[in-house]
Protein chains: 2
Amino acid sequence: MMMHFDLAQTAPAAPAPVPCQDASFCQRCDVRARAICGTLEEDDRAALNRLGRRVTVQAGQTVMWEGDDATIVANVIEGTLKLSASTGDGREQIVGVVYPSDFIGRPFGRSTPHSVTALTDARLCLFTRGAFDGFARTHPELGHRLLQRTLDDLDRARAWMLLLGRKNAREKIATFLLDMSHRLAGEGAGPLDSFALPLSRQQVADVLGLTIETVSRQMTDMKRAKIIDLPNRRTVEILDRDQLSCLAEAA
Amino acid sequence: MMMHFDLAQTAPAAPAPVPCQDASFCQRCDVRARAICGTLEEDDRAALNRLGRRVTVQAGQTVMWEGDDATIVANVIEGTLKLSASTGDGREQIVGVVYPSDFIGRPFGRSTPHSVTALTDARLCLFTRGAFDGFARTHPELGHRLLQRTLDDLDRARAWMLLLGRKNAREKIATFLLDMSHRLAGEGAGPLDSFALPLSRQQVADVLGLTIETVSRQMTDMKRAKIIDLPNRRTVEILDRDQLSCLAEAA
DNA sequence: GCCCCCTTTTGACAGAGGACAAGGACAGTC
DNA sequence: GACTGTCCTTGTCCTCTGTCAAAAGGGGGC
């Protein structure tokens, strides 16, 4: 928590950050339509583009530290990252998982409320917070997209509070697996019946407020009950979605 | 959850909603400076004023139901309300507590993600969501204030996720009491050492993901340890703030 | 193909907090 | 002042999940 983010330090093996001077960067961007920059006019987007730069982060690298000054924000282009908070004695809670087209960082704020760490290798479109804040203040469409996204995030966070405060281990796991099967599906696609978890067992535990042992036991139980299959460590197959939905609400 | 909010029905004894036609309503408004309408120009605020109406709700009344269509939003002028979510079998989790100058409702969304219920008698400045959304879209300052407030709410929700997922009962109670002593203090004032809880023991339990018995036991223990005093059911006095802070982090 | 390390699973046990039950305190009403 | 309903506290027991420990499994490197 004392460490400060330094791109040169935390991404030594990655290609040097590439300034987004080239307007074609955005044109070729996979997530542009879904990201907050999606509705900007052509020249506005070019202007925003000039403020940002592409960076690559490797799995495990931390992009922002909880409590640090909020100096950067970013769009996720590719990869999955976790948002996490911890107690003084090291217990960790994952407070969010972000996917391509999501926005990370704390605009209009002094300090970063939680750490951001890459779960997989990832690509970001990075802005200094000051530059982004100024741009957002003068471009209401951008602010509005950010508002809608933040309202959605808040709804999701509050739904997760119900899970953390009131659901038992079995319900938590079932809810989590169903959530993943939806979140990992592509734009407009239905929920996936087979997917690769971007999280280790320990990270699943940190999302659900459980221990790794409880996560493992519950998943094994569901496998034995033929509700899911676990062909390898990271793959989950939902065999009986109805029953899983049932477990998610009341075990 | 099937019931629909109807002012005439849920506030029968309250004075009829008063249209805010009179511009002096806002001029006399206690929370204007802190609410999202605080930075609007005089004529914009008058225009917003014409869209809204004042309503009174009594303690215990539910203003919006989880899952209902999102048809209204409001500023809280006076009183305290809870935001709550529940599982199918009736377990409840309070996902937020709102105070004067806070904003409630789900703008730019189809359905209300959680119920809103008055904990004390309250006064609201109420808008239909459609009218508010339209106004916010054409008044970026308002959208920006709403964005900042939503970002703050999201930070708070995520901090609470750490509490729900990773803290034990003693830490939860200590954190809760410290939070209350700050939130109940007036604008700019320091934390209160003595305050009246707006929540019953059951509601405290619903905020913290505990049972009423555990809340009662932990608070009694802290009283015995002379860390707090509980002169009556609703009053809390913090006798040893340092030790309470200590308990909040690691019990 | 083999080895090693790290993650995951499984087992045994303990403890925090939940469930149930009963008693006590307080506010409002008559 | 007595009554009554509601909220809160206290007691007892039990279970779910955490803790500690060890074994098993898988993937990467050689």
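Please read all numbers here as calculations on a predicted model, not as lab measurements. When reading the values below, keep in mind they use all heavy atoms of this one structure, side chains included, and skip hydrogens, waters and symmetry mates. Order of the sequence lines fixes the chain letters, A, B, ..., with proteins taken first and strands second; residue numbering starts at 1 for each chain.
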Could you go step by step and tell me if A/D155 and B/R106 meet the salt bridge (Lys or Arg N to Asp or Glu O under 4.0 Å) rule? CA-CA 9 Å; A/D155 289 347; B/R106 179 55 164 93; 2.7 Å; yes
Reported [atom1]-to-[atom2] distance for the pair [X] and [Y], which is rounded to 0.5 angstrom:
X      : Y      : atom1 : atom2 : value
A/L178 : A/E249 : CG    : CD    : 10.5 Å
B/I227 : B/D221 : CD1   : CG    : 9.0 Å
B/D69  : B/S111 : CG    : OG    : 7.5 Å
A/L247 : A/K172 : CG    : NZ    : 15.5 Å
B/L210 : B/R170 : CG    : CZ    : 12.5 Å
B/T214 : B/M219 : OG1   : CE    : 13.0 Å

Does a donor on one side chain and an acceptor on the other come within less than 3.5 Å for B/T87 and B/D89?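 Looking only at side-chain atoms, B/D89 and B/T87 do form a donor-acceptor pair, the distance falling under 3.5 Å.
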Side chains of B/N232 and B/T235: donor-acceptor distance under 3.5 Å anywhere?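 Yes, because at least one side-chain N or O of B/N232 sits under 3.5 Å from a partner of the opposite role on B/T235.
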Atom-pair distance (NZ on B/K172; P on C/dA16), nearest Å: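 Taking atom P of C/dA16 as the reference, NZ of B/K172 is at 15 Å.
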Whole angstrom is fine here: how far is it from CE in B/M219 over to P in C/dA25?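 The distance from CE of B/M219 to P of C/dA25 comes to 18 Å, rounded to the nearest Å.
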Could you encode protein contacts along nucleotides 12-19 of chain D as a string, one character per nucleotide from 5' to 3', using B for base contact, S for sugar-phosphate-only contact and - for no contact, with a heavy-atom cut-off of under 4.0 Å? B----SSB
Base-contact (B) and sugar-phosphate-only (S) positions in nucleotides 3-8 of chain C, heavy-atom cut-off under 4.0 Å, - elsewhere: ----BS
Under 3.5 Å, is there a donor-acceptor pair between the side chain of A/Q243 and the main chain of A/D240?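 The answer is no, because no donor-acceptor pair under 3.5 Å joins these two groups.
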Between the side chain of A/D121 and the main-chain N/O of A/A59, is any donor-acceptor distance below 3.5 Å?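 The answer is yes, because a donor-acceptor pair under 3.5 Å joins these two groups.
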Considering only heavy atoms, which members of residues 220-232 of chain A lie under 4.0 Å from some atom of DNA chain C?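 Residues of residues 220-232 of chain A under 4.0 Å from DNA chain C: A/T220.
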By ring pair (Phe, Tyr, Trp, His ring centres under 6.0 Å) - contacts of B/F195 (at least two apart):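 If we apply the ring pair (Phe, Tyr, Trp, His ring centres under 6.0 Å) test to B/F195, skipping adjacent residues, there are no hits.
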Salt bridge (Lys or Arg N to Asp or Glu O under 4.0 Å): which pairs involve residues 191-212 of chain B, sequence neighbours left out?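 Every pair satisfying salt bridge (Lys or Arg N to Asp or Glu O under 4.0 Å) with a residue in residues 191-212 of chain B: A/R166-B/D206, B/D193-B/R241.
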Terminal axes of the helix from C/dG1-D/dC30 to C/dC30-D/dG1 (five pairs each): angle between them, nearest 10 degrees: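 That helix has its two terminal axes inclined by roughly 40°.
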